[in-house]
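Data block below; observations after.
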Amino acid sequence: MMNTLNTENPIEKPFRKTGDPVDLTSESPLHPRRKSRRIMVGPVPVGGGAPISVQSMTNTLTANVPATLQQIAELTAAGCDIVRVAVPSQDDADALPEICRKSPIPVIADIHFQSKYVFQAIDAGCAAVRVNPGNIRKFDEVGPDICKAATDAGISLRIGVNAGSLDKDLYAKYGGPTPEALVASALKEAHMFEDVGFHDFKISVKHHDVITMVETYRLLASKGDWPLHLGVTEAGPAWQGTIKSCLAFGALLAEGIGDTIRVSLSAPPVEEVKVGCKLLEYMGLRPRKFDIISCPSCGRAQVDVIQLASAVTEGLRDVTAPIRVAVMGCIVNGPGEAREADLGVASGNGKGQIFIKGKVIRTVPEDQIVDTLLTIANDIAAQMEADGQVPVNSTGPVVVPIQHPGH
């Protein structure tokens, strides 16, 4: 089975051929990056020391093109580098050409069971295709054709396994989805592609358990130079999934393992991207952007720090300039921490001292702290934007809604 490139409606944004040299590199301050081969997902390099990219997946019906493109635009604004769309039906496959043509970031088609959709996705101009050989019917027969179609189109593939799609024989041999079983499955898939001369793929070996996931990626990383896509599958609701992902990704990234990530949350996709971007920032793998620091609630606090920090964070959720705002609740650590920030407040005795770059510029009553901080922060952000100091794809703070008693 072969694909035929659509010559009547050529894709308007030709992608760089996968594997072409790209000068972008990114090192970790904690550990040298694992050496992996480089592939391309559209114009985004993955592996070979390239900056770690953040992915997410739309939750719209792919066939609903306007809704899908709207969500892709929102994900792009939040800092997403690569987006995946589900293709479970013919209607979804038919929607891919328009989505790929209009998407501002590379689109990966997520394909299971039906190999014909793989070829359609390649024809449509997708930057890559996520293929799960474990559930593609008669993959031994269609696999070589998929590899040739991807090669001809200059696109890459993602392969891999998770606990839910582990081969039954391997499950029985290893007694479950152990790290050894997951890696054995991934190696089997990798060799299927490499045996026909195809090397432009990345691998994921996801698991819902943090320890199993970390052990699995460590083992796989020792077996070859494939670029690795990190993910904790079925991570859970926003707070739980964020913790799981940060623990797992943090452990691996601190060892130099990982080339692209997706934070999988039972939450709006934009929240996945915000967490992923901030995680990379805090690991020193992306330039620092907008950040809020605030002290914990404690018996020394002379203001409601929880309410104050929440109000400031919510009020600045659209600020993307790389400024650090400190919201402190007492005089013990407050002045020192506020002085370290670009803008901060040290609160106490019914008032707040507002700092800019370590200097107190004014003292305001407690009920004016939030409005004053918001006004000054927006002024600083506007000036930085005017001076061209706001990085491309900068993101605002990660806003976690606080449920107040009685609401």
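For reference, positions follow the sequence shown, starting with 1. As the structure is a prediction and not an experimental result, all values here were calculated from the model.
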How many angstroms lie between atom CD of Glu366 and atom CG of Asp304, to the nearest 0.5 angstrom? 8.5 Å
Got a sec: does the CG of Leu61 have more than 12 other heavy atoms crowding it under 6.0 Å? no
Short side-chain to backbone donor-acceptor contact, Ser204 and Lys206, under 3.5 Å: no
Do Thr68 and Thr60 pass the side-chain hydrogen bond (donor to acceptor under 3.5 Å, both in side chains) test, and can you show the C-alpha distance, the side-chain angles, and the key distance before you say yes or no? CA-CA 6 Å; Thr68 301; Thr60 57; 2.8 Å; yes
Rounded to the nearest 0.5 Å, what's the gap from CZ on Arg34 to CZ on Arg218? Could you check? 14.0 Å
Hey, is Asp110 close enough to Arg262 for a salt bridge, meaning N to O under 4.0 Å? no
May I ask you to decide if Ala50's main-chain N or O and Ser26's side chain share a donor-acceptor pair within less than 3.5 Å? no
What distance separates Met57 CE from Ile72 CD1, expressed to the nearest 0.5 Å? 11.0 Å
Looking at every non-hydrogen atom in both residues, tell me the closest pair between Ala153 and Ile122 and how far apart they are. CB-CG2, 3.6 Å
Determine whether a donor-acceptor pair (N or O, by modelled atom type, separation under 3.5 Å) exists between the side chain of Ser310 and the backbone of Ile306. no
If you compare all heavy atoms of Leu374 against all heavy atoms of Val312, which two are closest, and at what distance to 0.1 Å? CD2-O, 3.8 Å
Indicate yes or no for a side-chain donor-acceptor contact from Gln353 to the backbone of Ala346 under 3.5 Å, with no hydrogens or angles considered. no
Main-chain N/O of Met40 paired to Ser156 side chain as donor or acceptor, under 3.5 Å: yes
Could you check whether atom CD1 of Ile211 has more than 12 heavy atoms from other residues, nucleotides or ligands sitting under 6.0 Å from it? no
Please check if the side chain of Arg84 supplies one atom and the backbone of Arg130 the other of a donor-acceptor pair under 3.5 Å. no
Decide yes or no for Val54 and Leu279: does some side-chain heavy atom of the first lie under 4.5 Å from some side-chain heavy atom of the second? no
NZ-CZ distance between Lys35 and Arg33, expressed to the nearest 0.5 angstrom: 10.5 Å
Only residue of Arg38, Arg37, Lys202 satisfying salt bridge (charged side-chain N to carboxylate O under 4.0 Å, His left out) with Asp225 is Arg37
Heavy atoms only: give me the nearest Ala311-Val370 pair and the separation to one decimal. CB-CG2, 4.1 Å
When you compare the side chain of Gln114 with that of Val87, does any pair of heavy atoms fall below 4.5 Å? no
Check against side-chain hydrogen bond (donor to acceptor under 3.5 Å, both in side chains), Tyr282 and Asp291: CA-CA 10 Å; Tyr282 296 147; Asp291 192 24; 2.7 Å; yes
Is any side-chain heavy atom of Val183 closer than 4.5 Å to one of Thr216? yes
For the atom pair CD1 (Ile356) and CD1 (Ile361), what is the distance rounded to the nearest 0.5 Å? 3.5 Å
Is there side-chain contact between Lys357 and Asp342, with heavy atoms separated by less than 4.5 Å? yes
Can you see whether Asp94 engages Gln90 through a side-chain donor-acceptor pair at a distance of less than 3.5 angstrom? yes
Where the side chain of Ser103 meets the backbone of Ile99, is there a donor-acceptor pair that is under 3.5 Å apart? no
Note, Asn59 side chain near Gln71 side chain (heavy atom, < 4.5 Å): yes
Side chains of Pro179 and Tyr217: closer than 4.5 Å at any heavy-atom pair? no
To the nearest 0.5 Å, tell me how far Leu280 CG sits from Leu253 CG. 6.5 Å
Are Glu98 and Arg101 within salt-bridge range, i.e. N to O under 4.0 Å? no
Strictly distance-based, threshold 3.5 Å: is any side-chain N or O of Ser36 a donor or acceptor partner for the main-chain N or O of Gly48? yes
If only atom types and distance count, is the side chain of Asn162 paired as donor or acceptor with the main-chain N or O of His207 below 3.5 Å? no
Between Cys80 and Val273, which heavy-atom pair has the shortest distance, and what is it? N-CG1, 3.4 Å
Say whether, by atom type as modelled, one donor and one acceptor occur between the side chain of Tyr171 and the main chain of Pro177 under 3.5 angstrom. no
Heavy-atom side-chain proximity of Asn378 to Leu316 below 4.5 angstrom: yes
How about Leu220 and Leu187: do any of their side-chain heavy atoms sit closer than 4.5 Å? yes
